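To keep things clear, I will list the structure first and then write my remarks on it.
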Amino acid sequence: MFAEQAPSAPSAETRPPGEAGPGNELLVVDGVTKLFGPLRALDEVSLRVNSGEVLGLVGPNGSGKTTVINVISGLLEPTSGEVRLNGQRVSGLAPHRLARKGINRTFQIPKPFPELTVSENLKVAVHASRLADAEILELVGLGGGAERLASELTASDQKRLDLARALVTGPRLLLVDELGAGLSKSELDELAVILRRLVAELGITLLVVEHLLGFLEQVTDKVTVLNAGAIIFSGVLSEALADPTVIKVFIGE
Amino acid sequence: MPNVAAGASGQRATSAQIWRRRAIDLASVLVPTVLFALARTVDSNLLLLVSIMVYVVLAQGVNVIYGFTGYLPFGYVGFFGAGAYGAYVAVAHLGANAVEATALGGVAAVLVGVVLIPLLRLRGAYFAIASLAAALALSSIVSNPAVTSVTNGPYGADLTRVFSSGGSYWTAVVIVALAMVSVVALRRSRLGLLLRAVRADQVSASCAGVNVVAARTGAWLLSALLAGLAGAVYAWSISVFYPTAVFDTTISLFAIVFALFGGVGTVLGPVVGAVVLYYVYNAIGVNDPQYFQLIFGVVIVIIALFLPGGLAALALGARRRLGARRGLGGAQPVGGSDVR
Ligand SMILES: Nc1ncnc2c1ncn2[C@@H]1O[C@H](COP(=O)(O)OP(=O)(O)OP(=O)(O)O)[C@@H](O)[C@H]1O
Ligand SMILES: [Mg+2]
C-alpha cells in the first residue's frame, strides 16, 4: 500500500490550512468519547486529517492528547464514537492490524526493545516501507548505529529509533507523541527537518502532539487545541495563540 | 561502540562469526544427546536415565514457554499427562506400536495446547493460575470412572504389552535431541526474535505489527509438544501408571525449578539444571519427597531473589569478568526472569 503512494504528496505548506477536499480525508475521528472509570478523558472528540497534511494537536497536561493517539493506534477502544481510515472503520482493531493498515505511532516515552540491537528493533516490525532499514536509519539520523543495543542509546536516539521502527511499517498516517520534549535546540531543528521530509518525500500524513509550539510551527500551522478532553479550537496556529479561550487555558495551566 | 567496529570490519569477520555460531548450535544439540546415549554404559539404571531425560525435556519445554514469553506454566504437567494418556489410548485402542504411541502422545498434548490458546490472552499471574486449573481439570476428566472405556479411569493405564526398556531409552535420547534442536532453532528464528520483543515490550511489539497472541501460540504449542513427548516416553518406560502419577503437580514444579536453576533463555542451562537437581533428588529426596519439596521451594525463592538468570548467569558473569565478551554464546539470557 505504501509503495503505491506518490512519493511526493503535496505538503502541508503548499496547501491552505483547513482545506477539506472531499475524498481526500485520510483520518476521521468521529465523536470519540473515552472514559476511564468516572474520568471523561475524551469528550466527543472529532478530528479530520487530509492525506498529506500535518495536524498539530496541543493542550495542557492531562488534556487527552496521548489518549487520542492511543485510540487511533488501537491501544485503547473508544467508549463511543469511531475512527475511520480512508472511510473504513478501524476503531476496535488490534494495534498489529492497524500497523498493517498503515497507521503507526511513536511514544511519548520511547519504547524500544532494550535488549535488542537497533537493527533487530527494526527487524521485529512488519515491513511495508519501500525504503530499506538502513535508509530509514539514515533518514532519522541513526545511520552507523545499527549494531548498538537499544538500551545504550541516548533518550534522543531512542526517540529516533521509535520513529524508525514506525517508519519501517510504511505508515500512511503517523502519530507523533511529543517528539520534541527534552531535546536541544539543534536536535529539534533536525527533527523538524526529518518530519517535513516524511511528508514531502514519503507522502506520510502526520498528527503531531507537541508542547513546544516553536517546534510545532516548523512542521505545520494547522492545529487543534484540546482541553480537559474536549476540542476548544481548530484552525491556524497563529490564530489559536490569539484566541481568548485558548489563552485562558494555557495561562491558567 | 565495539559492536559497530566489529560490524564494520568486513565480510570475513561476519562469516567467521556465523560459523562460530553454527558450531556452538551444533555442539549444544550433540553434546547432551551423545552424553545421554553413552550414559547407559556408566549407569545401568535405565529407568533413572529415562527419568532424567524426561526432566531435561520438560525443563526445555518450560524454557521455551517461560524463557521466551515470561509465562510460568504451573499447569505444565497437564501436557505431560496428556502425552502419557495419549500414548496409552494409542496403544490400547488404536493398536499403535510404542514409537507411534509416543508421537501420538505429543500430538495429544498439542491438541490440549490448542484448546488452551485463550489462556495466552491472560496476564502472567492469571495465566499461571489458569494453567494450573486447566491441568487439574484435565486430570479429573482422565481419571473419571465415566471414561473408563477410554482411559481406564482411576484404575490406571497398562502399557506392559509394548514394554521395552531399551526402546523407551533410545526414544528418550531422540526426544532430548529434538528438544535441544527446538530451543536452538527457536533462538535463531524470526519467531524467537518476535518473542523476545513481545517479552520486552508487548505494546511496542503490537504496534510494530506483531500479532502477540500468535507469536506466543508458537512457543506454547512447541512446549506442549515437548511435554507430551516426555509424558509419552515416560509412560512407555514405566508401563503401568495411575492418573495421579502423570498429573502430579510436583512434575510442573520440578520442571520449573530445574529450568530456573539452570537458567531460562539459555540453551544448556535447563539441561544442567535438570541433571544436577534430579540426581540430588534421586540421591536424597526419593524417600522423603515432602522434605525435598520444601528444599525446592527454598531454591525457587533463592533463585528469584538472588540469581534470576540461574547457573547460566553465574557462568556468563564469570565469562564477562574474564573479559571474554564476544558475540552470542551458548548461554545468553533472553531477558530478565520476572514473571509477567
Ligand atoms: N490508561 C489510563 N487509565 C486511566 N486513566 C488514564 C489512562 N490514560 C490516561 N488517563 C488519564 O486521562 C487523562 C488524559 O491523559 P493523557 O495522557 O491523554 O493526557 P496528555 O494530554 O497526553 O497529557 P501530557 O501532556 O501530560 O502527556 C489524564 O487525566 C490521565 O490521567
Ligand atoms: Mg501525553
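Quick caveat: nothing in here was measured; it's all calculated off a predicted structure. Each chain gets a letter, A, B and so on, in the order the sequences are listed, and its residues count up from 1.
- Atom CZ of A:Arg97 has 12 or fewer heavy atoms from other residues, nucleotides or ligands within 6.0 Å.
- Scanning all heavy atoms of the two residues, the minimum distance from B:Ala197 to A:Leu116 falls at CB-CD1, 4.3 Å.
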field: B:Val210 and A:His96: CA distance, side-chain angles, deciding distance, side-chain contact (heavy atoms from CB on, under 4.5 Å) verdict
entry: CA-CA 6 Å; B:Val210 178; A:His96 71 270; 5.7 Å; no
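- Taking chain B as the reference chain and counting heavy-atom pairs below 4.5 Å, the highest number among A:Pro112, A:Ala125, A:Ala94, A:Pro114 is found for A:Ala125.
- In terms of heavy-atom pairs under 4.5 Å with chain B, the best-connected choice from A:Val126, A:Val168, A:Ile103 is A:Val126.
- Looking at every heavy atom in both residues, A:Pro95 comes nearest to B:Ser206 through CB-OG, 3.2 Å.
- Residue A:Ile109 qualifies as open at atom CD1: its count of foreign heavy atoms under 6.0 Å is 12 or below.
- The backbone N or O of A:Phe113 sits nowhere less than 3.5 Å from a side-chain atom of B:Arg196 that would complete a donor-acceptor pair.
- Atom CD of residue A:Glu115 and atom CG of residue B:Asp201 lie 10.5 Å apart, to the nearest 0.5 angstrom.
- Taking all atoms of both residues into account, the shortest heavy-atom contact from A:Val124 to B:Arg190 is O-NH2, 3.0 Å.
- The side-chain heavy atoms of A:Arg165 and B:Ser204, taken from C-beta on, include a pair separated by under 4.5 Å.
- Within 6.0 Å of atom OH in B:Tyr126, 12 or fewer heavy atoms from other residues, nucleotides or ligands are found, so the atom counts as exposed in its surroundings.
- Heavy-atom minimum distance, A:Asn104 versus B:Cys207: ND2-O, 3.1 Å.
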